[in-house]
Number of protein chains: 2
Amino acid sequence: MTGMGSEDKTRTAQPRRGRVDKATAIVQAACEVFGRDGYSRASIDTIAAEARASTRTIYNHFPGGKEELFRSIVQWSAERVRDEQLAQLRRYLDPERPPHPDDLERDLLALARAWVVLITDFRYHFSLVRHIYAEAGHIPAEVLDAWQEAGPRVVGREVASAMAALGDRGLIDVHGSPAQAAAHFMALISTEITQRSYWGVRPLPPEEADRLTSAGVRAFLRAYGSAG
Amino acid sequence: MTGMGSEDKTRTAQPRRGRVDKATAIVQAACEVFGRDGYSRASIDTIAAEARASTRTIYNHFPGGKEELFRSIVQWSAERVRDEQLAQLRRYLDPERPPHPDDLERDLLALARAWVVLITDFRYHFSLVRHIYAEAGHIPAEVLDAWQEAGPRVVGREVASAMAALGDRGLIDVHGSPAQAAAHFMALISTEITQRSYWGVRPLPPEEADRLTSAGVRAFLRAYGSAG
DNA sequence: AGGCGACTACAACGATCGTTGTATCTTCTG
DNA sequence: CAGAAGATACAACGATCGTTGTAGTCGCCT
């Protein structure tokens with residue numbers, strides 16, 4: 001939004017220095033530090049050090065200060081993870097190519113496993129989400145809504161429509177509400193893992209995580225499988 | 001833990017002044033403020049004001065300062081809520097008096113509803129839990145373990161043994177792991193509500209919460225009901 | 001009454017932190 | 001080369017906060 005004028009030729013496209021673009025370095029560092037320490041504990045100095053930038057540069061890029069920086073990275077991180085989650089969803093549960101009934105459990109399990117991997121891959125993002133939930137009372141409603149709409153709600157809707165597709169083809173029985181089935185699917189595959197691992201802070205042994213994931217998928221299929 | 005010694009006559013039993021015991025006033029206020037603001041944002045001055053005490057009194061009762069106060073109230077709050085949850089569990093799912101098969105869904109639903117009510121009743125406690133999860137990386141492992149062992153793990157074990165009892169009597173099929181069934185039950189009845197309501201910060205309309213709860217119970221019974 | 005224990009008001013300290021201004025430096029562009 | 005634009009180092013400010021010390025107040029018990 002800021003900085004990039006309207007008709008500059010190729011100037012701002014190339015990173016000024018030989019290094020990485022300072023702006024993205026700051027955003028990445030801020031993601032990590034905000035995720036690790038939370039809004040209050042995170043200090044501008046720490047973010048600057050992590051980004052190998054000076055605090056002054058941060059304030060040049062984000063005139064709104066800490067608050068604007070936080071809003072920006074929440075949005076940025078949500079979009080990034082959302083895209084990754086949607087990619088895995090389309091990869092293992094493409095509404096265009098429904099799986100054979102025999103492969104349904106395999107595909108759901110593959111999706112679940114891929115998502116669990118994302119939880120540790122994007123550890124800092126999910127730490128950030130934890131802090132968002134914890135500090136929900138101190139975050140303006142508009143910011144919360146913008147975040148939900150940029151990330152979680154989109155994913156939820158996509159999973160719901162995938163469930164609807166499976167239902168239409170008779171692979172599962174959504175029992176009237178594809179959205180409800182989607183929510184239950186996500187709850188069953190992730191709740192226990194996230195809780196036991198403190199949202200990835202203390203990762204579980206892989207085989208344990210796998211056991212929980214497949215148990216969740218099997219329970220989901222018993223609850224929503226069309227064959228029963 | 002403090003205060004109630006073993007052989008004090010009647011001195012510490014009666015509040016010294018005409019008011020409430022300052023210690024419990026401080027603990028309650030600290031619970032509320034820590035839950036609302038989190039560890040870093042919460043200030044001793046705020047807690048003192050909320051407890052109508054002076055900061056000096058706080059340091060007299062908790063020589064360890066902010067850290068000890070936090071540890072104490074985490075433990076205290078966890079025990080209180082645990083007892084409440086166990087009471088509801090025994091009320092609606094007493095292992096000694098298993099329900100008739102026809103009443104199983106009704107009883108499970110009653111338990112689920114009672115627990116959902118607790119989420120808003122003990123709003124500050126669950127806010128505290130959010131912050132614990134968010135700041136897990138900054139809390140000593142021993143404190144985290146002590147908290148889990150004083151609260152969540154006990155409840156989880158009790159629900160698991162209730163599930164085992166239901167399984168033994170053929171009312172449900174635990175599919176090999178009562179603990180897993182318990183975790184799935186709790187996930188199905190509470191995950192969506194807690195997420196959608198931001199853990200009680202923005203409470204859902206009661207009928208909406210009810211809809212989600214009963215949908216969770218029905219899904220659980222489809223996954224774990226012995227009749228299928 | 002006298003003393004004791006708990007509570008309080010008040011001030012002060014050191015530390016951390018968000019934020020800004022300024023002067024200097026580097027690197028790219030014309 | 002000159003100039004511009006971005007980045008940096010540095011210092012300083014005001015504010016908040018945890019914590020401690022001190023002196024004083026209030027109510028209870030002997």
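The model shown is predicted, which means the values in this text are computed figures rather than measured ones. Naming: A, B, ... by sequence-line order, numbering from 1 per chain.
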> What's the CG-P distance between B:L69 and D:dT19, to the nearest Å?
Replying inline: 10 Å
> Rounded to the Å, how far apart are A:E67 CD and C:dT19 C1'?
Replying inline: 14 Å
> Starting at the 5' end of DNA chain C and moving along, which residue's nearest nucleotide shows up first, B:T55 or A:Y39?
Replying inline: B:T55
> Of all the choices, D:dT20, C:dT20, D:dA7, which nucleotide is nearest to the side chain of A:Y59 once you look at every atom?
Replying inline: C:dT20
> Is a donor on one side and an acceptor on the other found under 3.5 Å between the side chain of B:K22 and the backbone of B:R52?
Replying inline: yes
>> Any donor-acceptor pair under 3.5 Å linking the side-chain atoms of B:E158 with those of B:Q85?
In response: no
> Rounded to the nearest Å, what distance is computed from the CG atom of residue B:D45 to the P atom of nucleotide D:dA15?
Replying inline: 16 Å
> Which nucleotide sits closest to the side chain of A:K22: C:dT8, D:dT8, C:dG18?
Replying inline: D:dT8
> Which pair of non-hydrogen atoms, one from B:S43 and one from B:T46, has the smallest distance, and what is that distance?
Replying inline: OG-OG1, 2.7 Å
> Whole-Å distance between C:dA6 C1' and B:I58 CD1?
Replying inline: 15 Å
> Looking for any heavy atom pair under 4.0 Å, which part of the strands does A:A23 touch: base, sugar-phosphate only, or nothing?
Replying inline: nothing
> Between B:I47 (CD1) and D:dT19 (C1'), how many Å, whole number?
Replying inline: 14 Å
>> C:dC7, OP1 or OP2 - any side-chain N/O from B:S54 closer than 4.0 Å?
In response: no
> Base, sugar-phosphate, or nothing: which does B:S43 touch, judged by heavy atoms less than 4.0 Å apart?
Replying inline: sugar-phosphate
> When the distance from CZ of A:R56 to C1' of C:dC25 is rounded to whole Å, what number comes out?
Replying inline: 16 Å
> Considering only side-chain heavy atoms of B:K66, which listed nucleotide, D:dG18, D:dA7, D:dT22, is closest?
Replying inline: D:dG18
> When the distance from CD1 of A:I44 to P of D:dG14 is rounded to whole Å, what number comes out?
Replying inline: 20 Å
>> Which nucleotide wins on minimum distance to the side chain of A:N60, given the candidates C:dT20, D:dT8, C:dT8?
In response: D:dT8
> Side-chain donor-acceptor pair under 3.5 Å between A:R80 and A:S77, yes or no?
Replying inline: no
> Over how many whole Å does the gap from B:H61 atom NE2 to C:dT8 atom C1' extend?
Replying inline: 12 Å
> Regarding B:R113 and B:T213, is there a side-chain donor-to-acceptor distance under 3.5 Å anywhere?
Replying inline: no
>> Using a heavy-atom cut-off of 4.0 Å across all strands, would you classify A:A25 as base, sugar-phosphate, or nothing?
In response: nothing
